[in-house]
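Just so it is clear, the model here is predicted, and its values are computed rather than measured. All residue numbers refer to positions in the sequence shown, counting from 1. Side chains are part of it too, since the values below use all heavy atoms of this structure and drop only hydrogens, waters and symmetry mates.
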Amino acid sequence: MDIQYCYTKPQLTWLVILRVFIGWHFLYEGIVKLLNPKWTSLPYLLDSKGPAADFFIKLTQNAGLMQVINFVNEWSLVLIGFALIAGCMARLACIGGMCLLVMYSLSHPSLVGLSYLMPFEGSYLWIDKNLVEFAALGALFAYPTARVIGLDRLLIKRVPSFFITYKLI
């Protein structure tokens, strides 16, 4: 069954703006990390708190694994950001972005009583910017605009339907 997306102009406009803004955020964060040869996620992971802290801190004990983590983090941010901006396999990019944001949130949950070396930008109680962006990516996954405005419109017949269309069961 082919699902037709019927958005009003304001809905489509704001969903595309949201997709591009989140894409820009991911892309920029990835490029900044790539351009800084001294960047590493080591301090961030060592500063992990909350229920998953032991897992993230244990990752830092292996230098080879840290190289892989840094590479995957940098390039995931760049590729997800580019895909969201271009509307190219945007649903897959939403899932990838949501996975990264879950990992960031598990490493640095905004729970009462936790303090970090790098303070948050503002005061959070349970919901921080990572979770807000996670929810926004969930909305973009559910209301895909890239099939209307984006490269997905051109890719519809060339890639597996999972990456482009949204089917309920």
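- Across Ser107 and Leu45, no two heavy atoms sit closer than the pair OG-CD2, 4.5 Å.
- Proximity of Gln11 to Tyr143: side-chain heavy atoms (C-beta onward) are nowhere separated by under 4.5 Å.
- At distances below 3.5 Å, not a single donor-acceptor pair connects side-chain atoms of Arg147 with backbone N or O atoms of Asp152.
- Other residues, nucleotides and ligands place more than 12 heavy atoms under 6.0 Å from the OH atom of Tyr104.
- Heavy-atom neighbours of Gln67 CD from other residues, nucleotides or ligands within 6.0 Å: at or below the threshold of 12.
- Ion pairing between Glu29 and Lys33 holds under the 4.0 Å rule for side-chain N and carboxylate O.
- Atom CG of Leu131 is separated from atom CE of Met98 by 10.5 Å, given to the nearest 0.5 angstrom.
- Checked by atom type and distance alone, the side chain of Asn70 pairs as donor or acceptor with a backbone atom of Ser41 at under 3.5 Å.
- Under the 4.5 Å side-chain heavy-atom criterion for Ile, Leu, Val, Met, Phe, Trp and Tyr, Trp75 and Leu27 are members of the same hydrophobic cluster.
- Within the model, atoms OG1 of Thr8 and CG of Leu15 stand 8.5 Å from one another, a figure rounded to the nearest 0.5 Å.
- Atom-to-atom distance recorded for Ile22:CD1 and Ile17:CD1 is 12.0 Å, nearest 0.5 angstrom.
- For the pair Leu59 and Leu65, the minimum side-chain heavy-atom distance is below 4.5 Å.
- Atom NE2 of His25 is separated from atom CG of Leu84 by 12.0 Å, given to the nearest 0.5 angstrom.
- No path of Ile, Leu, Val, Met, Phe, Trp and Tyr side chains, each step under 4.5 Å between heavy atoms, connects Val16 with Phe21, placing them in separate hydrophobic clusters.
- Atom CE in Met66 sits 6.5 Å away from atom OG1 in Thr60 (nearest 0.5 Å).
- Taking every heavy atom of both residues into account, Ile57 and Ser48 meet most closely at CD1-O, 4.2 Å.
- The minimum heavy-atom distance between Cys88 and Leu155, with the atom names listed, is SG-CD1, 3.8 Å.
- Between Phe55 and Leu106, every side-chain heavy-atom pair lies at or beyond the 4.5 Å cut-off.
- The shortest distance between side-chain heavy atoms of Phe26 and Ile85 does not fall below 4.5 Å.
- Clustering ILVMFWY residues whenever any of their side-chain heavy atoms sit less than 4.5 angstrom apart, transitively, puts Leu42 in the very cluster that holds Phe56.
- A donor-acceptor contact closer than 3.5 angstrom is absent between the side chains of Tyr44 and Asn73.
- Closest approach of Gly150 to Arg19, counting heavy atoms only: CA-NH2, 4.4 Å.
- Counting heavy atoms of neighbouring residues, nucleotides and ligands inside a 6.0 Å radius, atom CH2 of Trp24 does not exceed 12 of them.
- Checked by atom type and distance alone, the side chain of Ser105 pairs as donor or acceptor with a backbone atom of Leu101 at under 3.5 Å.
- A chain of hydrophobic side-chain contacts below 4.5 Å, direct or via other Ile, Leu, Val, Met, Phe, Trp or Tyr residues, connects Ile69 to Leu46.
- Side chains of Tyr28 and Val32 form a contact here, defined as non-hydrogen atoms less than 4.5 Å apart.
- Shortest non-hydrogen contact noted between Ala83 and Ala93 is CB-CB, 3.7 Å.
- Between the CE atom in Met89 and the CD1 atom in Ile80 there is a gap of 13.5 Å [rounded to 0.5 Å].
- In the hydrophobic cluster analysis, where Ile, Leu, Val, Met, Phe, Trp and Tyr join through side-chain heavy atoms closer than 4.5 angstrom, Leu18 is grouped together with Ile149.
- With a 4.5 Å cut-off on side-chain heavy atoms, Ile127 and Ser110 do not count as touching.
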